[in-house]
Amino acid sequence: MRKYKIKHEDKRITIALIVCVALFFLSSMALAVTRVINPTIWGLNLYITVASLAGMFLSLILWFIDSAVGTLVCVDDEKIVLKRLLGRKTIPMDLIEDLEIDDYYRRRKRHIEYRKKMILYLNNGKEVVLKDNASYVKDLLHFLISERSQLPDEKIPLYNAFKDILAVLNKE
């Protein structure tokens, strides 16, 4: 079993963080309004504000841990196992209909971040999308000016996993 550690970002944690932040700000603004109108509703709103603040910090901690841990892609002759912070998924090789890999980039505040995306098309009509970091910083000067360079395909773990999956699928 070959293992590849990729920097895949879990959307569920990011969505939970955004929802908790939005709920915190909405309930914080409602605290000021409900204090004057109805003190009973204010108490309930206070609980919602505290719960959303706790959810926000919890999802932020999970986001940092998920960024540090990443996703482990284990490729075997019969299956692919995806081990994430919030779960594990096993995909049998005979369930994979097609796969493709693509380069893309996204703009951060002051730099462009290069990434690689692999899509597994399954027989049941579902898609499994995995993304990995494909950029690096050349030296200290490029770090200071926030300039990233694109890694060659052979040094990207997701691309190596793609080649292994493709080799297993072509062998069958």
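Computed from a predicted model, the values in this text were never measured in an experiment. In this chain, numbering begins with 1 at the start of the sequence shown.
- Val128 and Leu95 fall within the same hydrophobic cluster, where Ile, Leu, Val, Met, Phe, Trp and Tyr residues are linked whenever their side-chain heavy atoms come under 4.5 Å apart, directly or through other members.
- Going from atom CZ of Arg12 over to atom CG of Leu85 covers 9.0 Å, rounded to the nearest 0.5 Å.
- Rounded to the nearest 0.5 Å, atoms CE (Met118) and CD (Glu100) are 11.0 Å apart.
- Using a 4.5 Å cut-off on side-chain heavy atoms (C-beta onward), Ser135 and Gln150 make no contact.
- Linking Ile, Leu, Val, Met, Phe, Trp and Tyr whenever their side-chain heavy atoms come within less than 4.5 Å puts Leu82 and Ile165 in one cluster.
- Within the 4.5 Å cutoff, the side chain of Arg2 has no heavy atoms near those of the Cys74 side chain.
- The line from NZ of Lys155 to CG of Leu151 is 7.0 Å long, rounded to the nearest 0.5 Å.
- Annotation: side chain of Tyr114 is in contact with side chain of Ile112 (closest heavy-atom distance under 4.5 Å).
- Contact of the Glu78 side chain with the Asp76 side chain is registered, since non-hydrogen atoms from C-beta on lie closer than 4.5 Å.
- Distance CD1/Ile48 to OG/Ser28: 11.0 Å, rounded to 0.5 Å.
- Contact record, Leu120 with Ile80: CD1-CD1, 4.4 Å, taken as the closest heavy-atom pair.
- A salt bridge is absent between Lys7 and Glu9; no separation between the charged side-chain nitrogens and carboxylate oxygens falls under 4.0 Å.
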Enumerate, atom names and distances included, each donor-acceptor pair closer than 3.5 Å involving a side-chain atom of residues 57-64, sequence neighbours excluded.
unit_1: Ser59; atom_1: OG; unit_2: Gly55; atom_2: O; d: 2.9
unit_1: Ser59; atom_1: OG; unit_2: Met56; atom_2: O; d: 3.1

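- The side-chain heavy atoms of Met1 and Val75, taken from C-beta on, include no pair separated by under 4.5 Å.
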Review item, side-chain donor-acceptor pairs of residues 16-27, under 3.5 Å, at least two apart:
unit_1: Ser27; atom_1: OG; unit_2: Leu23; atom_2: O; d: 2.8
unit_1: Ser27; atom_1: OG; unit_2: Phe24; atom_2: O; d: 3.1
unit_1: Ser27; atom_1: OG; unit_2: Thr49; atom_2: OG1; d: 3.1

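- In this structure, the separation between OG1 on Thr71 and CZ on Arg88 is 13.0 Å, given to the nearest 0.5 Å.
- Considering only heavy atoms from C-beta on, Met93 comes within 4.5 Å of Leu169 through its side chain.
- Of all heavy-atom pairs spanning Tyr121 and Glu127, the tightest one is CE2-OE2, 3.1 Å.
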For salt bridge (Lys or Arg N to Asp or Glu O under 4.0 Å), just list the numbers for Arg115 and Asp103, CA-CA rounded to whole Å, side-chain angles, deciding distance to a tenth of an Å, and then say yes or no.
CA-CA 6 Å; Arg115 298 198 47 94; Asp103 293 322; over 6 Å; no

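- Linking ILVMFWY residues whenever their side-chain heavy atoms come closer than 4.5 Å, directly or via other members, leaves Tyr104 and Ile101 in distinct clusters.
- Heavy atoms of other residues, nucleotides or ligands lying less than 6.0 angstrom from CZ of Arg106 number more than 12.
- Hydrophobic clustering of Ile, Leu, Val, Met, Phe, Trp and Tyr side chains at less than 4.5 Å, counting indirect connections, keeps Leu44 apart from Leu31.
- With salt bridges taken as basic N to acidic carboxylate O contacts below 4.0 Å, none links Asp153 and Lys163.
- When all heavy atoms are compared, the tightest approach of Ile6 to Lys131 is CD1-O, 3.9 Å.
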Going through the distances and angles, do Lys3 and Val73 end up as a side chain to side chain contact (heavy atoms under 4.5 Å, CB included)?
CA-CA 6 Å; Lys3 298 179 181 181; Val73 179; over 6 Å; no

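- Cluster membership for Ile156 and Leu99, using ILVMFWY side-chain heavy atoms within less than 4.5 angstrom, is shared.
- Checking each of Leu158, Asp132, Val129, Leu130 against Lys117 for a side-chain contact (heavy atoms from CB on, under 4.5 Å) leaves exactly one that passes, namely Val129.
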Start with the C-alpha gap between Asp77 and Lys171, add the side-chain angles, then the distance that decides, and say whether salt bridge (Lys or Arg N to Asp or Glu O under 4.0 Å) holds.
CA-CA 9 Å; Asp77 287 338; Lys171 187 171 62 173; 3.6 Å; yes

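- Atoms CG and OG, on Asn133 and Ser67 in that order, are 11.0 Å from each other to the nearest 0.5 Å.
- A donor-acceptor distance shorter than 3.5 angstrom exists from the side chain of Asn160 to the backbone of Glu154, with no hydrogens or angles considered.
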